[in-house]
Every structure is written in C-alpha cells, then in structure tokens.
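Read through the structure below, which is laid out as structure tokens, and then see the notes.
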Amino acid sequence: MARIRTRFSPSPTGFFHLGGARTALFNWLFARHHQGVFVLRIEDTDVARSETRYEEDILDSLRWLGLDWDEGPYHQCARLRIYHDFIERLLDTGAAYYCDCPPERLEEKRKAALARGENPRYDGHCRDRHLGPGPNTAVRFRSPPAGTTQWNDLSKGPIAFDNQELDDLVLLRADGVPTYNFAVVVDDLSMEITHVIRGDDHIPNTPRQILLYRALGATPPEFAHIPMILGPDKAKLSKRHGALSVLAYRDMGFLPPALVNFLARLGWSHGDQEIFSTAELIEYFSLEQVSKSAGIFNADKLLWLNGHYLRESADRDLALALKDFLPQQGVVTDDVDYLTRVTATLKPRAHTLVEMAEMARFYFHDPRPYEEKAAQKFLTPSSRPGLAAIRDRLAALPELKEEALNQIFSEVQKQSGLKMVVLAQAVRVALTGKTASPGLFEIMDILGKEEVLRRLTAALESVTD
RNA sequence: GUCCCCAUCGUCUAGCCUGGUCCAGGACACCGGCCUUUCACGCCGGCAACACCGGUUCAAAUCCGGUUGGGGACGCCA
C-alpha cells in the first residue's frame, strides 16, 4: 500500500480553537502511527475573512502543541492556476457548466424553500443554457439526478446519500476563486492525500466531494469523520463557552502534553488508560477506537491532567516554564536555582502554572498584609509566646534543616502548651500570610534563616492585644 | 422543515462487531476515611448509567425495527 498521507486544512478566519486542534491531532497521530506524511494546508479562499494573524495563530498553536508537519503550509490562494486547470477538465467533459444566476435571486429561492420546509437546492436554471465564460458567471457542477453516493466511513461505518438531495454546487465563483468543496477535492487529489480525517460536520460535504472525484476520473480517498466537541450546554463549542483558542490555554498555564492527552482522550480511548505520553498516543492510535458520538468539553478533567503533568515534570524544566508566569504576579527573578527549589514545593499543589505563580509569591515578597481571617485566627496574643520561642530557638540555629526544626517545634509546643496545629499555623501565617502552603520546614529551608527570623519578628509585632 | 450522524454513571469512556464471563469496569467531579503541623499530593471506600417500546433468542448493554431525545448540514463560508 502506498504511503499514508493525511492533512490538516484550517481556514484562517478565526483563532485556532480546541476543535481544530483535535482534528489536527488525530490527523497527525494517524500519520505518525503509520509512518506517513502529515500535510498542512491553509484554506484561504474566503478572501474577505482570511487574515494573516489568524494563520500565524494556527501555526504557533500547532508548534506549541508539538504537532509538526512534513509538508506545507500550502496556500490555496497560491494554487489558482491548478483549480482552473481542473475546471477546464470538468467543463470539457460536460461535468460542469457556466451559470450567471444572480446570487440575490438564488438567496430568495433558498429562503422560500426553507420556509416551505424543503431542502433548498439550485433549480438548474443554467444547466442546459450552454453559457460561456463571462462577467458575473460562476461554474457549477452537474450533479447526477439519481442514484446514491456512499462510502465506508472509517469511523462511522457505511454512509449513503441520495443524489437527489445533492444539488449543482458552485465550483468556481464569478471572481475565479474556487469554492471549498472544489478546492478540497483538487488539493486532496493533487497532494495525494490518502485519508481525510475531519469533523463530522463535514459529512454532508462528502458525497459531493466523492462525486467530484468521480467526475475527475479519480478514486476518492478514505474518509473518517470524527465527532465534534460540544460545550457544557451540548451546543457546538463556541466563544461563549469561555477560553477556547489554543494559545489561551497556554496563557492559562496549561502544558502541551496535558492538552494533547486531554484532546486525544476526548473521543478516543485505549481501554481504561487515561494518561498517555505522546509516544504512546502514536503507538496506540487507531481510527477504529474513535467514538461516534460527540463529546462534551470537561474543564475539570483538563485541570486534573494538567496537575498530573505538572507533578511529572522535572523541577528545573518546570521552573523555567513557571518563570514566564511570574511577572504577572509582580515577581521578577533570574535565580533559576532558587526558583527550582520553590517549584518543587509548589508542584503537587497546583493545577496550572498560573496557580503556581500565585502560590510562589510569598517566596519572593513579604507576606504582609496577611490574609485577614488567617491573622485573626492564628496571630493572637495567646500564640505570641510560642511564636517568640520559635523565633529565639531558630536564631540559635546555624542553619534551618528539618531534623533540628522538628525538635524545636515539639519542644516549644510542649513548653507553650499550644496545640501543634495552632503553633504551626501561626508560624505559617507569619511566613506566608496564609493558612495553606507547602510544608513549613521546606519553606524555612528555602527562605533562609535571616528571612524567616525577619518574618517571625514582623508577625510578633503585628499582634495587638 | 428536509437530509445526515449519534444515544452506557453529571462528564470522558470500557464492554457492543464475535449475544451468556456485566445485578455493567475505569477516569474526572462529588462524598466519606487514611496519611498529616496547614493545603495539596497519595492511598482506601462510596454515590452514580445500558433513553424508551417492541422483536429475535434458552439468554440482549450487546442483533433487528420503531419512538423519543441530542447534534450537524442545508451559501458564489470553510
């Protein structure tokens, strides 16, 4: 069998979102699994809506996710000559014809048909008028009047359409730019795409495209229509479901492998396994295991996965990633060693890099003002003796290592009569300003003796009777 | 409205093709518990689903038909 070739062909008419990312991922995985070729093609035939910033967004997103392409990006607008050549072929064989029906009139008819409850279709007005090229003249496909068009969808199984449901679609607009269905067929054909993997919202386009392949005397590729991603309200994922552009997830502090893992598991499975490295994804991916029904985007699961990948990351790598999120918390540092130690303590507690950066603040800045409730509850006159004792005992220590600290705490606890929880929490608030934080001893070790004493003293001074 | 696709816990899903091993398994979320100086992490346990009706069969989540529900497409958008 010939080498497998897949493609991802977004249109640069909006920011790259999760649905597109998953389609790209499945195409990429399928190609990689079969040692095939993954082609990137930009479908920019909608000249009015296409923008280069959107294309850049797509490319940046794919790179960030690690979905590298082997060919392209090709641009449809650079291939107009090719489409025209193919149009000539269809015109020559009579499979296509010129049409000068005014779009406005067609639009009226469409609305009227919809209102009547009919499937709106072109009425074939120009079918046999034998028009030649001219201004305001488009080229239409002469679609067969009867029969059925079917294919064996690699994901959904056999699908059949009655040709009567299909109409004479426009192939080439009056301005000479090809329409989607035509450009796709020409491109997939000339780029020798063997497997078209796309969202199942494209199912209605498929019979039209198959007919075009036939008219061109070509064999259609294999098709696999994957289920769409729906929002929590079960409607097609859209802006109102919150952040959706892939890069927005990067900015929210998600890791590429987490997003890739999440996207892969949404609509695809491999037994009960939940965590997949990219290598495993490539090894296990198959179209047969793609589910048929739409999936709902589950933000909680993404968060959980991201937390998992955060914990799996090496401290130093994570510290470097975290560095970019620090400035928005007012933290600027170049001390990667220090940051690496900080990161190690934050790792198990965060779901995103943004969360982690928030938690990292006290390592760099004075914890005051303390969280009001925390201070009220734990920095009280009754905890003062314990706090002071801790500070004084610490001051006598050469360095703040766990073993010594442990002993000091239990001794002070006994002497002061405070509950260990109360004593520890008082110290915690003094050092971090909060009631929740990484372990006290690791914090102290990282902060260093001098800073710990300073914070303890400040806390003692803040206690009023 | 017409056509097409789909239908297992709240969500992602395993099982369905090759009926019995499924009074349906895993994961997220949620609720308990353990660990613990806090919060997490981790571990243990719990809650929770085969849309409905009919048929085939000794036996159906699994096969068939219908109903209902959801989604998608109906552009000189992609």
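To find a chain, count down the sequence lines: A is the first, B the second, and so on, and within it residues start at 1. Computed from a predicted structure; not experimentally measured. Values below: all heavy atoms of this structure, side chains included; hydrogens, waters and symmetry mates excluded.
Summarising the geometry, the separation between CG on L431(A) and P on C39(B) is reported as 17 Å, rounded to the nearest angstrom. For the pair D201(A) CG and G72(B) P, the computed distance is 9 Å after rounding to whole Å. Between the CG atom of D167(A) and the P atom of G75(B) there is a distance of 7 Å, rounded to whole Å. Atom CD1 of I275(A) is separated from atom P of G26(B) by 17 Å (rounded to the nearest Å). Here A78(B) presents its P atom at 14 Å from CD1 of I58(A), a figure rounded to the nearest Å. Rounded to an integer number of Å, the gap from H225(A) NE2 to G71(B) C1' is 15 Å.
With hydrogens and angles left out, the side chain of N205(A) and the base of A78(B) share a donor-acceptor pair within 3.5 Å. With hydrogens and angles ignored, a donor-acceptor pair under 3.5 angstrom links the side chain of E274(A) to the base of G26(B).
In this model, the phosphate group of C77(B) is not approached by any side-chain N or O of S11(A) to a distance below 4.0 Å at OP1 or OP2. Proximity of S269(A) to the phosphate of A14(B): a side-chain N or O atom is located under 4.0 Å from OP1 or OP2. Here R110(A) does not reach the OP1 or OP2 of U2(B): none of its side-chain N or O atoms lies under 4.0 Å away. An OP1 or OP2 oxygen of U13(B) is reached within less than 4.0 angstrom by a side-chain nitrogen or oxygen of S291(A).
In this structure, E442(A) contributes its side chain and G439(A) its backbone to a donor-acceptor pair below 3.5 Å. The backbone N or O of F16(A) sits less than 3.5 Å from a side-chain atom of D57(A), completing a donor-acceptor pair. Using a distance-only test at 3.5 Å, with no hydrogens or angles considered, no donor-acceptor pair links the side chain of T432(A) to the main chain of V429(A).
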Tabulate protein N/O versus nucleotide N/O from nucleotides 5-10 of chain B, keeping only pairs under 3.5 Å, one per line.
residue : atom : partner : partner atom : Å
C5(B)   : O2'  : K156(A) : NZ           : 3.0

Please list each protein N or O that sits under 3.5 Å from an N or O in nucleotides 60-63 of chain B, with the distance.
none

Using the 3.5 Å cut-off, write out each protein N or O paired with an N or O of nucleotides 40-44 of chain B and the distance between them.
residue : atom : partner : partner atom : Å
A40(B)  : O2'  : P348(A) : O            : 2.6
C41(B)  : O4'  : P348(A) : O            : 3.4
C41(B)  : O3'  : R311(A) : NH1          : 3.3
G42(B)  : OP1  : R311(A) : NH1          : 3.2

Write out a two-atom table: protein N or O, nucleotide N or O from nucleotides 30-37 of chain B, distance below 3.5 Å.
residue : atom : partner : partner atom : Å
U37(B)  : O2   : R428(A) : NH2          : 2.8

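Between G72(B) and A78(B), the two C1' atoms lie 15 Å apart (nearest whole Å). Separating the C1' atom of C63(B) from that of C23(B) is a span of 22 Å, rounded to the nearest Å. Using P as the reference atom, C50(B) and A60(B) are 16 Å apart when rounded to the nearest Å. A distance of about 13 Å separates the C1' atoms of A7(B) and C16(B), rounded to the whole Å. Between U21(B) and A61(B), the two C1' atoms lie 15 Å apart (nearest whole Å). Nucleotides G71(B) and U8(B), compared at atom P, are 14 Å apart to the nearest Å. The separation of U2(B) from U11(B), taken at their C1' atoms, amounts to 32 Å, rounded to a whole angstrom. Straight-line distance between the P atoms of G10(B) and C47(B): roughly 14 Å, to the nearest whole Å.
Contact check on D100(A) versus R129(A) returns a salt bridge, with a Lys/Arg side-chain nitrogen under 4.0 Å from an Asp/Glu carboxylate oxygen. The existence of a salt bridge linking K111(A) and E108(A) is excluded, since no basic side-chain nitrogen approaches an acidic carboxylate oxygen closer than 4.0 Å.
Position along RNA chain B of the nearest nucleotide to P204(A) versus L302(A) favours L302(A) as the more 5'-ward residue.
Base pairing of C63(B) is made with G55(B), judged by Watson-Crick or G-U wobble geometry with both donor-acceptor distances under 3.5 Å. In a base pair of the Watson-Crick type (N1 to N3 plus N6-O4 or O6-N4) or a G-U wobble (N1-O2 and O6-N3), with each distance short of 3.5 Å, G69(B) is matched with C6(B). Here G45(B) sits opposite C31(B) as a Watson-Crick or G-U wobble pair (both hydrogen-bonding atom distances under 3.5 Å). Of the nucleotides present, C74(B) is the one that pairs with G1(B) by Watson-Crick or G-U wobble criteria, both distances under 3.5 Å.
No donor-acceptor contact under 3.5 angstrom links the side chains of Q76(A) and R79(A), judged on distance only. If you check the side chains of H75(A) and E55(A), you find a donor sitting under 3.5 Å from an acceptor. Side-chain polar atoms of N163(A) and T149(A) form a donor-acceptor pair below 3.5 angstrom.
For D445(A), the side-chain hydrogen bond (donor to acceptor under 3.5 Å, both in side chains) partners are R341(A), K401(A), not counting sequence neighbours. Residues passing the salt bridge (charged side-chain N to carboxylate O under 4.0 Å, His left out) test with R142(A), sequence neighbours excluded: D128(A). Partners of F276(A) according to the ring pair (Phe, Tyr, Trp, His ring centres under 6.0 Å) rule, which considers only residues two or more places apart in sequence or in another chain, are W268(A).
Applying the salt bridge (charged side-chain N to carboxylate O under 4.0 Å, His left out) definition to pairs two or more places apart or across chains, those involving residues 362-375 of chain A are D366(A)-R368(A), D366(A)-R454(A). For the salt bridge (charged side-chain N to carboxylate O under 4.0 Å, His left out) condition, the pairs that include at least one residue of residues 408-421 of chain A, sequence neighbours left out, are R393(A)-E411(A). Screening residues 12-27 of chain A for side-chain hydrogen bond (donor to acceptor under 3.5 Å, both in side chains), with sequence neighbours left out, gives S11(A)-T13(A). Pairs engaging residues 345-372 of chain A under the ring-ring contact (aromatic ring centres under 6.0 Å, His included) rule: Y338(A)-F364(A) [sequence neighbours left out]. Residue pairs satisfying the side-chain hydrogen bond (donor to acceptor under 3.5 Å, both in side chains) criterion with at least one member in residues 290-303 of chain A, sequence neighbours excluded, are listed as follows: E274(A)-K301(A).
The K301(A) side chain lies nearest to G26(B) when the options are G26(B), A14(B), G72(B). Taking only side-chain atoms of A436(A), from C-beta outward, the nucleotide of U38(B), G75(B), G72(B) with the closest atom is U38(B).
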